[in-house]
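This one's a predicted model, so the numbers in the text were calculated from it and none came from an experiment.
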Amino acid sequence: MPYNCIHMLMRTSIVLLLVAAGVAAQKAPFDVQAMLKIARISEPQLSPDGKAVAFTVQTIDLDLNTKPKQIYLVPTDGGTPRQITSQGTDNERPEWAPDSKTIAFISNRSGSAQVWIMKPDGSDARQVTSLSTEAGGVLFSPDGKKLLFTSQVYPDCPDDNCNKSRLDVEKNSKVKARSYTTLLFRHWTEWQSKRRSHLMVVDSTGGPVRDLTPGDRDVPPFSLGGPDDYAVSPDSKEVCYAMNADPQLATSTNADLFVVPMDSGDAKKITMNPGADLSPQYSPDGKSLAYRSQPRAGYEADRWRLMVLDRATGSVNPVTDALDRPVQSFAWSHDSKQLFFTVLDRGRQNIQMIPAAGGATRVIVSGPATADDMQLTSDGKTMIYTTQSGSAPTEIYRAASTGGAPVALTHLNDALLAQYDLPPLEEFWVDGAEKARVQSFVVKPPNFDASRKYPVLFLIHGGPEGEWGESWSYRWNPQVMAAAGYLVVMPNPRGSLGYGQKFTEEIRDDWGGKPYEDIMASVDHVAALPYADSDRMAAAGGSYGGYMIDWILGHTQRFKVLISHAGVYDLRSMFGATEELWFPIWEFNGTPWDNPESYAKWSPSNFVKDFHTPTLVIHGELDFRVPYTQGLQLFTALQLQKVPSKLLEYPDEGHWILKPQNSVLWYNTFLEWIGEWTKTPSGSTAAH
């Protein structure tokens, strides 16, 4: 090639590199305002004919402080998604009719949440229910003749007229006192009312509504279950649902599966396992029922196994028993021969396949992401699923059911995210307590320069049986924190999920022991990095992560500043005020009066004299999981110890900060607090 051509190519390459660098440099920091502009995709539902996917999109209206939801549709062979609902502020749970000609959904367009049906283009919408107790969680029966849904009813009321009358009396009463004679009288953010969630059935053309699960129990169980804890058999004659029938709900995780005839008849219990049995799904041929199961009573973080029950014989096969990872979700193949399922593994969630009769598993979708919501076309050739990662929110994908290159069906956030620098998650491993291998994820600041030194922010996850990994978060978004100039480190210490059940269980009765050592081993590793400023390290956590911050307060001064959100401070008083009592009973081998030594040993409140690090305390007044008095006790101790401290208390939030404007305040206060104690005199993050 002539010299002048080579010279021209070199000049062109240099120009392109400079342009690319300029584009990268022009990208804005990803702050909370940018995060709130993301379209949040959920509830994808593949049509039975395989031609389209209906899904829900939640957006944020910051001025109105609301989160409106609408339903969209996208062709499975590609195309631009279309919004098919616009009336009302909450349209969700799209559910296809078996013939793919209509979609049932839940909407508040008439003033309350009711079941509606519309055509796939959103036209000809008609209201099916008009219940005073409202409706949710709709399902079509496989024959298309019935709709199954939930409603919060008074269990002793025979009809909606009775329910409406009781609601009116409650609303108009000047007395708002509550009275209880049993435990679990409140849960998450709500006090237990006299109403119960029941499964209801109505003709798809409308008409009288019938209660399938009468009685003084919630279906699905409100303390354990979710939106997929009931299903209709392929012949439309039977409904399977999860319910906890134990007399003491506050100490029990024993949800069992029951079946009841769709038309009339008594319910029958079909599982006898002492742990939780949830997520029933009938095989398409009707011969089997698959579900997720935990073997041990009272242990909510026990390994979820995928079970297959033979409906003719009642025999149960634990098909994933040999897999030392928790099963998160699953779906049947249309020939009933395979089960597709998701598992947590080292911060990722992949999709695997296993024969319904048991056998070897095969990975179908993997990579640095969280995959979920898989559904298969009737010919079994194509799979629809969602993925998200630590640097990208949820989108919907299509791929061959045997694996292969995925095709994105939605790009709702591409244009927005292209404006920002969102670094991918990196990871490192260290030897933690007893030489166990401990993983941490890292998000570096945008335009990272290894020759500089950055302040470090450690995030401690909750649970404690939880995990950090390749998933997108709106409540603790590490991208927002990294964009503020921090090297964000997210360790997965003992207790974390996805590293084997032994690793998860080794936190039991050791909350401040091996997990603390694991975290500090990660701190030692990061402190030695040339671009980490070991003199400007911060740590923050929520729930159990808040507990660990409270524990750190009394056990190390390695950090310049701390943030405790909804943290457990005093284990004994926490036990007396929390709701799901099975949790502390398992974690600390009994009640405080049965095992007072453990509650004293691991309670941060017993180390107040060693509190010195500036701490921000955040709590929601409606938090019944970790009651907000835990935060008040911590703040009181900090103030009396003359430790620089600040209390941010939300009267209208629970364990999580969910309202948009409250979220903005949370992020701003969070970053201002750690910035006050980690910034250099010049206010920069450059080396000093």
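Thr213 contributes atom OG1, which lies 4.5 Å from atom NE2 of His198 (distance to the nearest 0.5 angstrom). The structure places CZ of Phe341 at 8.0 Å from CG of Asn350, a figure rounded to the nearest 0.5 Å. In this structure, Met383 CE and Arg398 CZ are separated by 12.0 Å, a value rounded to the nearest 0.5 Å. Atom CG of Asp228 and atom OG of Ser279 lie 6.5 Å apart (nearest 0.5 Å). The CE atom of Met35 sits 11.5 Å away from atom CG of Leu416, with the distance rounded to the nearest 0.5 Å. Taken from CD in Gln45 to CZ in Arg93, the straight-line distance is 7.0 Å, to the nearest 0.5 Å.
Asp310 places no side-chain N or O within 3.5 Å of a backbone atom of Ser315 that could act as its donor or acceptor partner. Listed for the Tyr230 side chain is a donor-acceptor partner under 3.5 Å among the backbone atoms of Gly137. Remark: side-chain polar atoms of Thr76 are paired, donor with acceptor, to backbone N or O of Gly50 under 3.5 angstrom. With Gln375 contributing its side chain and Pro44 its backbone, the two residues share a donor-acceptor pair below 3.5 Å. With hydrogens and angles disregarded, a donor-acceptor distance shorter than 3.5 Å links the side chain of Asn108 to the backbone of Asp90. Between the Thr133 side chain and the Ser151 main chain, no donor and acceptor come within less than 3.5 Å of each other. A donor-acceptor contact shorter than 3.5 Å is absent between the side chain of Arg296 and the backbone of Pro274. Judged by distance alone, the side chain of His334 and the main-chain N or O of Leu376 form a donor-acceptor pair under 3.5 Å. No side-chain donor-acceptor contact under 3.5 Å links Thr89 to the backbone of Pro68. In this structure, the side chain of Glu395 does not engage the main chain of Thr387 through any donor-acceptor pair within 3.5 Å.
For the residue pair Thr85 and Gln70, a side-chain donor N or O sits within less than 3.5 Å of a side-chain acceptor on the partner. Checking Thr129 against Gln114 by side-chain atom types alone, a donor-acceptor pair falls below 3.5 Å. With no hydrogens or angles considered, no side-chain donor-acceptor pair links Gln281 and Trp332 at under 3.5 Å. When only modelled atom types and interatomic distance are considered, Gln328 and Thr342 share no side-chain donor-acceptor pair under 3.5 Å. Side chain to side chain, Asp121 and Ser123 meet the donor-acceptor criterion of an N or O pair below 3.5 Å. Side-chain N/O atoms of Ser86 and Gln83 include no donor and acceptor closer than 3.5 Å. Counted by atom type alone, Thr386 and Asp372 present zero donor-acceptor pairs between their side chains at under 3.5 Å.
Annotation: side chain of Val128 is in contact with side chain of Val202 (closest heavy-atom distance under 4.5 Å). Within the 4.5 Å cutoff, the side chain of Leu289 has heavy atoms near those of the Leu257 side chain. Using a 4.5 Å heavy-atom threshold, the side chains of Phe30 and Val480 count as touching. With a 4.5 Å cut-off on side-chain heavy atoms, Thr102 and Phe140 count as touching. Using a 4.5 Å cut-off on side-chain heavy atoms (C-beta onward), Leu147 and Met200 make no contact. Taking the side chain as every heavy atom from C-beta outward, Glu505 and Asp302 approach each other to under 4.5 Å. Contact check for Lys69 versus Arg40: no side-chain heavy atoms found under the 4.5 Å cut-off. Here the side chains of Pro120 and Trp96 are in contact, with some heavy-atom distance below 4.5 Å.
In terms of heavy atoms, Ala301 sits closest to Thr504 at O-CG2, 4.4 Å. Minimum interatomic distance between Ala371 and Val365 (heavy atoms only, all atoms of both residues): CB-CG1, 4.2 Å. In this structure, Ser391 and Trp472 approach most closely via the heavy-atom pair C-CZ3, 3.5 Å. For the pair Thr150 and Val219, the tightest heavy-atom approach, listed with the atom from each and the gap, is CG2-O, 4.2 Å. Contact record, Ile38 with Pro393: CG2-CG, 3.8 Å, taken as the closest heavy-atom pair. Heavy-atom minimum distance, Pro491 versus Trp468: O-CD1, 3.3 Å.
In this structure Arg494 satisfies the side chain to side chain donor-acceptor pair (under 3.5 Å) test together with Glu506, Asp518, sequence neighbours excluded. In this view, Glu427 and Arg348, Trp429, Gln439 satisfy the side chain to side chain donor-acceptor pair (under 3.5 Å) rule, not counting sequence neighbours.
Side-chain rings of Trp656 and Trp188 approach one another, their centers coming within less than 6.0 Å.
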Residue pair Val209, Phe149: steps toward the side-chain contact (heavy atoms from CB on, under 4.5 Å) verdict: CA-CA 10 Å; Val209 173; Phe149 62 95; 3.8 Å; yes
Show your working on side-chain hydrogen bond (donor to acceptor under 3.5 Å, both in side chains) between Thr377 and Asp379 and close with a plain yes or no. CA-CA 5 Å; Thr377 54; Asp379 62 9; 2.7 Å; yes
Just do the side-chain contact (heavy atoms from CB on, under 4.5 Å) check on Asn492 and Phe441 with the steps written out, would you? CA-CA 8 Å; Asn492 281 317; Phe441 286 92; 3.8 Å; yes
Worked verdict on Ile354 versus Phe330 for side-chain contact (heavy atoms from CB on, under 4.5 Å): CA-CA 11 Å; Ile354 191 170; Phe330 67 93; over 6 Å; no
Please walk me through it: do Thr394 and Asp373 pass side-chain contact (heavy atoms from CB on, under 4.5 Å)? CA-CA 11 Å; Thr394 299; Asp373 302 306; 5.5 Å; no
Working note: Ser333 + Gln338, criterion side-chain hydrogen bond (donor to acceptor under 3.5 Å, both in side chains); need CA distance, chi angles, decisive distance, verdict. CA-CA 5 Å; Ser333 64; Gln338 308 284 342; over 6 Å; no
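Among residues at least two apart or in separate chains, ring pair (Phe, Tyr, Trp, His ring centres under 6.0 Å) pairs with a member in residues 262-314 are Tyr299-Trp586. For residues 232-242, the pairs satisfying salt bridge (Lys or Arg N to Asp or Glu O under 4.0 Å) are Glu238-Arg311, with sequence neighbours left out. For residues 139-149, the set of pairs meeting the salt bridge (Lys or Arg N to Asp or Glu O under 4.0 Å) definition, not counting sequence neighbours, comprises Lys146-Asp203. Applying the salt bridge (Lys or Arg N to Asp or Glu O under 4.0 Å) definition to pairs two or more places apart or across chains, none involves residues 270-294.
Applying the 6.0 Å contact sphere to CG of Asp266 captures no more than 12 heavy atoms from other residues, nucleotides or ligands.
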